[in-house]
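Step one of this worksheet: look at the structure below.
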Amino acid sequence: MPNSVNTVPFNAWPHRVAVALCCATFPLIWAGGLVTTYDAGMAVPDWPSTFGYNIWLYPWSTWFFGPWDLFIEHSHRLLGTLVGLLAILFVVVVYRSADHRWMRPLAWGCLAGVVLQGGLGGARVLLDERHLAMIHGCVGPCFFAFTAALAVMAGADWRQTSPPALAGTGSRSTRGTGNRQPATAAGLSRLATLTAGLAFLQLVLGAQLRHISIMAGPGQFRVFVFFHLIVAFALLAHALLLAVRSLRLGPSSGKSRLPAVALALFMVLQFVLGPATWVVNYGWPQWVADMPFAVGHTIQAKSLVQAMIVTAHVAVGSLVLASAAVVATRAVRLARVEVTAVGSTAMFVGLAT
Amino acid sequence: MGVVLAGCTPEAHFNANAVLMHKNENAAKETTEFSPQRRADIANTLVALFGTPDEPHIPAAPGIGEDDVHQVMDPRKISFAAGSVSSDEQGRARGLYREHCAHCHGVTGDGAGPTASFLNPYPRDYRMGIFKFKSTPKGQKPTHEDLKRILVNGIPGTAMPSFLVLPENEIDALVHYVRYLSVRGEVERLLIDYATYELTPQTEPSEDDPNPPPEDRLVNLEASEEDQESQAEVIRSFVSEVTQKWLDAESLATEIPAPDPDRDLAKSEAHGRELFYGPVANCIKCHGDSALGDGQTTDYDDWTKELDPANPELVAQYQKLGALKPRNIHPRNLRNGVYRGGRRPVDLYWRLKNGIDGTPMPAVLMLPENAPPGSKGLTEEDLWALIDYVRSLPYESISNPRLAQPKPNNQRERS
């Protein structure tokens, strides 16, 4: 069996910066959600400047004590610059790390992602185009998920080349090989990848609803609502299944259990926030309209409760996508490690006989 | 990815009232069709009069001073409400209608915004110029305060939100913009009716008439100056007709004589109950014997009646043109204490005295002054008794069975 443990001291800085980058991106996503919720997308009509000022030199008193939509939009831009700086730092630390040479294209990809997002946001403002706002709102969570995956890949355990010890829990036997691990890891990998894909599709469908053109007819909105609901149930089922399979694998899951369980919990939370989003925007559905709590309910437009629920639904959607990406990243890695290990073992056995 | 799914954002524009055109095509005695030229003439006329969603224009109304027209449709306030959403460094918002209203009421104010089909009741279609909850008599427009009240309070039990958090100037701007859309919509209806019944349509060549004359144009720039002016006068008269109604409404709010504050409430409620079940008010006909709103549930509101709901074939045709699926209108369940037009006594007074425009809810029959003995109708005292009874309905034991219990529910009964 080849030596499965790398003895070179591990450079933890890329991992640290990747984690910081991921953590900084989430409030950026949240602020972006607030921009749409409060229709603050055009609160600042120029870009990359802010009312003619350099983005970092805009008077803080106007930023803090000025109009609310200006506060949100400028905050969103400042958080974007923070993420951009962290992305640059990530490139630097990756280049300085011998352990992470292979991550250099990914680091550049990360920086390109930030630049792309910034450009999309700027174009949205300069062209006053809500359609670009929708694309910007879809690419942002993708970037967030990418940073989460980077944090996983930059971690110390990513270097491990041998499979984790078998826990002997719930592994299914495969035909012919006598090794029960690879098929389960491969299955988890496929399921995780599919779940991540569904999470992205759901996010895009949600973006269609949130940014639907005012010239769209009722039929178009109905179609998006219908598919948003269908995919929600499909995604919930996948998330729960993924959590169960990860838990059954135990330590053999390659640290997929925690993110898989988190994903399932986020999906359950979305099933609370989603209907709540509908109720605070459009009132109770017809089938409960005669209930005492619904019959006298008056929607409070632009209220704090409405804004927080709607924005939380968007933000947790990003967490769903990021969690799915983490599970998929770990699961794909686990499956490849297992294939490598089985192959090496088979070679060894073959050589021995 | 987004482009594939959603396409490019179309420019905001007002939709034509294709449903009314089609309805008139079916209803006109001589077969008529709204030709592309006629549709274009109507659209161009409306643009000339009212502009576009991004660049609104306030038309002149002959016989009405500019100040009075601006009382109905203030151009500065409308400019804040129109266009795409933005704000300046001082937080002055623009595009208010698109931000707050268009997703339900539609850019055109036709009640068919993207979310409309999910909402029950449907969002209001302003184009008929009919509004339900107001202080003015049946057939009159609402006052500025009526529309403002709806925006500030919302309508409970519906998707119409309360915009209490908005500053007053923004609410004001939205009221003006709603009136602008309503005037535009009504003028469009008048133009469509005029084109249907007053203008000769294009007829096909036949053996008897191989060279039929071209159709009468709504606006014919090749006609004589005299004819053009005559046409323009007709068009402008429509604007004046509609605008004047909005102006008149401001002085038509129904005055409310105060009820006797020392009246015996129990007696008043008992008298009100007699009236509720009596032949004059006859509330139970629609609201039901138990006031649960189940007296009749097969009627329609005026917006739906225009879609000929009894004719599924026509309904299908209208739906293809953008109309929403017809729904019956249900009388209010008076036992849950929720009144969509407001729950104050004055609100109930207006609903009963004036009825609810656009719905089967009639104005209650009032006894005229100096009416001869034996005349049918309610006095003001009767009306307040009826209001007292209606307001007591949610508190009757039948409305809340727990209140009817003589003992607490958790007290074990001993035989």
Side-chain angles (χ1 to χ4, degrees), chain A residues 39-45 50-51 62 66-70 73 128-132 134-139 200 204-205 207-209 211-222 224-225 278 280-286 289-290 292 294-304 306, chain B residues 1-3 5-13 15 53 84-95 97-104 106-107 112-120 122 151 153-166 293 322 324 333 336-339 343:
Chain A
D39 275 291
M42 291 302 294
V44 178
T50 298
F51 287 105
T62 314
W68 173 240
D69 56 354
L70 173 61
E73 171 61 13
D128 192 6
E129 178 55 71
R130 286 204 75 134
H131 178 67
L132 287 174
M134 184 190 62
I135 298 177
H136 184 67
C138 293
V139 173
F200 180 65
V204 170
L205 288 168
Q208 301 298 312
L209 292 173
H211 294 275
I212 196 160
S213 164
I214 47 162
M215 295 309 303
Q220 187 176 344
F221 188 79
R222 285 179 79 94
F224 286 131
V225 168
W278 185 271
V280 296
N281 275 334
Y282 308 120
W284 293 94
Q286 192 54 30
D290 291 331
V295 70
H297 173 69
T298 304
I299 300 166
Q300 303 293 328
K302 300 297 182 187
S303 67
L304 186 63
Q306 185 190 56
Chain B
M1 155 260 306
V3 171
L5 281 173
C8 296
T9 309
E11 191 181 332
H13 60 270
N15 293 323
S84 52
V85 181
S86 67
S87 64
D88 61 18
E89 202 170 3
Q90 283 71 45
R92 285 183 293 244
R94 289 187 177 271
Y97 183 79
R98 240 173 265 187
E99 179 180 356
H100 299 299
C101 317
H103 282 93
C104 297
V107 168
T115 64
S117 65
F118 279 104
L119 309 178
N120 195 342
Y122 290 134
L151 284 176
N153 296 335
I155 300 179
T158 75
M160 176 64 194
S162 157
F163 290 98
L164 188 61
V165 297
L166 292 188
L324 298 170
N333 176 348
N336 54 32
V338 177
Y339 313 103
R343 55 197 295 264

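Below, chains carry the letters A, B, ... as their sequence lines are ordered, and counting in each starts from 1. This structure is a prediction, so every number in the text was calculated from the model and none was measured.
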Is chain B contacted by the side chain of [X], its backbone, both, or neither, given a heavy-atom distance below 4.5 Å?
X	answer
A/Ile212	both
A/Asp39	both
A/Gln300	both
A/Val225	side chain
A/Phe51	side chain
A/Ala43	both

Q: Hey, could you give me the CE/CD distance between A/Met134 and A/Glu129, rounded to the nearest 0.5 Å?
A: 9.0 Å

Q) Rounded to the nearest 0.5 Å, how far apart are CZ of A/Phe200 and CG of A/Leu205? A)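 One finds 10.0 Å between CZ of A/Phe200 and CG of A/Leu205.
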
Considering only heavy atoms from C-beta outward, does the side chain of [X] approach that of [Y] to under 4.5 Å?
X	Y	result
A/Glu73	A/Thr50	no
B/Pro161	A/Gln306	no
A/Pro218	B/Leu324	yes
A/Thr62	A/Leu70	yes
B/Met160	B/Leu151	yes

Q) If you tally heavy-atom pairs under 4.5 Å against chain A, which of B/His103, B/Glu99, B/Glu89 wins? A) B/Glu89

Which atoms of [X] are under 4.5 Å from chain A, going by heavy atoms: the side chain, the backbone, both sets, or neither?
X	value
B/Asp88	backbone
B/Thr115	both
B/His100	side chain

